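These notes are about the structure you will find just below.
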2 protein chains.
Amino acid sequence: MVANRNSIIRLSRYKNALNRLQSLGFVKVFSDNLADAVGCTASQVRKDFSLFGISGNKKGGYQIDNLLEKLQYILGKDKIQKVIIVGAGNIASALMKYKGFEKEGIRLTAAFDIDPSKFKKNNEIPILPLEELKTVVKENQIRIAIIAVPDVAAQQVADLLFEAGIKGILNFAPTRIKSPDDCVVNYVNLEHELENLIYFVNVLDKTKVK
Amino acid sequence: MVANRNSIIRLSRYKNALNRLQSLGFVKVFSDNLADAVGCTASQVRKDFSLFGISGNKKGGYQIDNLLEKLQYILGKDKIQKVIIVGAGNIASALMKYKGFEKEGIRLTAAFDIDPSKFKKNNEIPILPLEELKTVVKENQIRIAIIAVPDVAAQQVADLLFEAGIKGILNFAPTRIKSPDDCVVNYVNLEHELENLIYFVNVLDKTKVK
DNA sequence: TTTTTTTTGCGATTTTTTTCACAAAAAATA
DNA sequence: TATTTTTTGTGAAAAAAATCGCAAAAAAAA
């Protein structure tokens with residue numbers, strides 16, 4: 001498949017927009033509606049769809065329910081995706097409190113930590129000792145994990161995760177993780193996001209002066 | 001400048017790697033060290049630097065202190081960057097508890113909410129009524145804001161921010177924000193990050209079977 | 001001193017991504 | 001029914017980004 005990170009992120013955005021449109025009672029959309037909704041061009045919407053073999057109707061646009069179904073399938077929403085978190089700090093607790101994942105078919109199954117004072121075996125999303133990670137991952141056939149530990153521990157945790165069978169990691173620690181070829185690591189770094197923003201704000205500021 | 005989002009994110013990564021190397025006592029680096037550290041190619045590192053007019057020494061690599069200084073300047077780290085948060089929920093509280101921003105020159109100055117039960121005027125990072133936003137932004141000449149409110153409120157909050165003089169927004173709400181030409185909006189959407197990961201894990205899974 | 005080795009800097013090339021542009025299909029209108 | 005309008009789908013073109021390749025500089029070795 002000719003997919004890259006950005007095109008998949010766009011699919012997620014289309015999906016979100018379609019959900020909103022559907023809940024407003026719309027039944028069909030045109031590529032330019034979606035373009036407006038997600039902030040890209042209509043031809044990019046159509047190109048994305050064409051790349052994934054999604055087609056609509058000439059002059060009739062796209063049937064929202066049909067389109068959603070296909071996007072959801074591509075994005076793995078045909079089954080519930082179980083996810084674990086390693087590191088029961090602030091990020092983990094924000095994620096665990098967030099109620100939006102479940103309705104997108106993403107189930108935070110457990111969190112893990114080394115600090116016994118954090119263990120909460122009876123929580124809805126239990127916080128368990130790191131030693132139990134492997135068992136939980138194997139028993140539940142979990143493939144996706146979130147790393148939210150301090151940077152010095154990140155690679156070590158990642159190795160443990162790969163060993164347990166995890167294939168995809170969303171890494172909040174500000175370190176690059178070395179991973180096996182059959183595994184994916186994506187990064188979230190809010191400092192970098194803010195630095196990025198600051199850079200572009202500065203650039204716009206300077207160009208305006210001209 | 002020939003900069004795009006990815007190249008600036010790489011600069012942030014180089015900066016992080018350089019800080020680590022420096023704290024380990026290193027004084028110079030070669031492009032391939034940095035490439036290893038951030039996971040790209042050595043020629044990309046050199047190209048990035050050349051695009052920003054950063055030069056090293058043939059056969060001698062780059063002087064870390066000098067390089068850091070230049071990267072920090074480009075990334076706006078010559079002055080403290082004040083940032084506000086709108087929406088005092090889980091994300092905001094995770095961000096406010098995070099101690100890493102300050103040492104990167106990013107100061108969370110205040111958070112704002114509409115819910116009076118959340119106000120904490122005497123916190124280190126105070127949580128204030130939304131009505132005070134404009135004053136705080138103007139008095140402190142703040143240009144950067146984080147939106148962490150429910151999606152339905154995001155555009156309205158953004159408009160308020162633009163009106164107050166905010167030029168850059170990091171938006172955690174799962175909605176596209178329409179913004180004036182001289183403002184930038186970046187997005188953080190963890191559901192989309194996870195969907196992305198799931199997609200690529202599935203793809204790798206399928207290609208392995210072949 | 002000369003030769004070899006190493007590493008940068010950057011133009012040229014390749015690859016990737018986006019946009020353009022228009023035929024084809026289908027609906028709407030006349 | 002014929003014409004006009006609208007919108008898709010997709011090759012072709014353009015733009016953007018990454019990689020290649022190598023001269024030039026500098027250090028190290030001979």
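Reminder, nothing fancy here: chain letters follow the sequence lines and each chain counts from 1. All of these numbers come straight from a predicted model, not from anything done at the bench.
Side-chain nitrogen and oxygen atoms of B:Gln44 include at least one within less than 4.0 Å of the OP1 or OP2 phosphate oxygen of D:dT19.
Looking at heavy-atom distances under 4.0 Å, B:Ser55 makes contact with sugar-phosphate atoms alone, never a base. Contacts of B:Asn4 with the nucleic acid, taken as non-hydrogen atoms under 4.0 Å apart, involve only primed sugar atoms and P, OP1 or OP2. As judged by a 4.0 angstrom heavy-atom cut-off over every strand, B:Ser31 is placed among residues touching the sugar-phosphate backbone only. B:Arg5 comes within 4.0 angstrom of nothing in the nucleic acid, heavy atoms only. Contacts of B:Tyr62 with the nucleic acid, taken as non-hydrogen atoms under 4.0 Å apart, involve only primed sugar atoms and P, OP1 or OP2.
Contact of the A:Asp182 side chain with the A:Lys167 side chain is registered, since non-hydrogen atoms from C-beta on lie closer than 4.5 Å. Residues B:Arg176 and A:Asp36 are not in side-chain contact: their nearest non-hydrogen atoms beyond the backbone lie 4.5 Å or more apart.
Put simply, CZ on B:Phe30 is 11 Å from P on D:dA27, counting in whole angstrom units. Remark: P of D:dT8 and CG of A:Leu51 are 17 Å apart, rounded to the nearest angstrom. Rounded to an integer number of Å, the gap from CG of B:Asp48 to P of D:dA17 is 11 Å. Between the CG atom of B:Leu34 and the C1' atom of C:dT7 there is a distance of 13 Å, rounded to whole Å. At whole-Å resolution of the value, CG in A:Asn57 and P in D:dG9 are 8 Å apart. If you measure from atom CG of B:Asp32 to atom P of D:dT19, you get 15 Å, rounded to the nearest angstrom.
Heavy-atom distances to DNA chain C give each of A:Thr41 and B:Arg46 a nearest nucleotide, and the one nearer the 5′ end belongs to B:Arg46. Summary of the strand contacts: A:Ile54 and A:Lys59 both lie near DNA chain D, and taking for each the nucleotide with the nearest heavy atom, the more 5' one is attributed to A:Lys59.
Geometric assessment of B:Arg13 against the ring of A:Tyr187 yields a positive cation-pi assignment under the 6.0 Å and 45° thresholds. A cation-pi arrangement is absent between B:Arg5 and A:Phe200 under the rule of less than 6.0 angstrom and at most 45 degrees off the ring axis.
The six-membered or imidazole ring of A:Tyr98 lies near that of A:Phe101, with a centre-to-centre distance under 6.0 Å.
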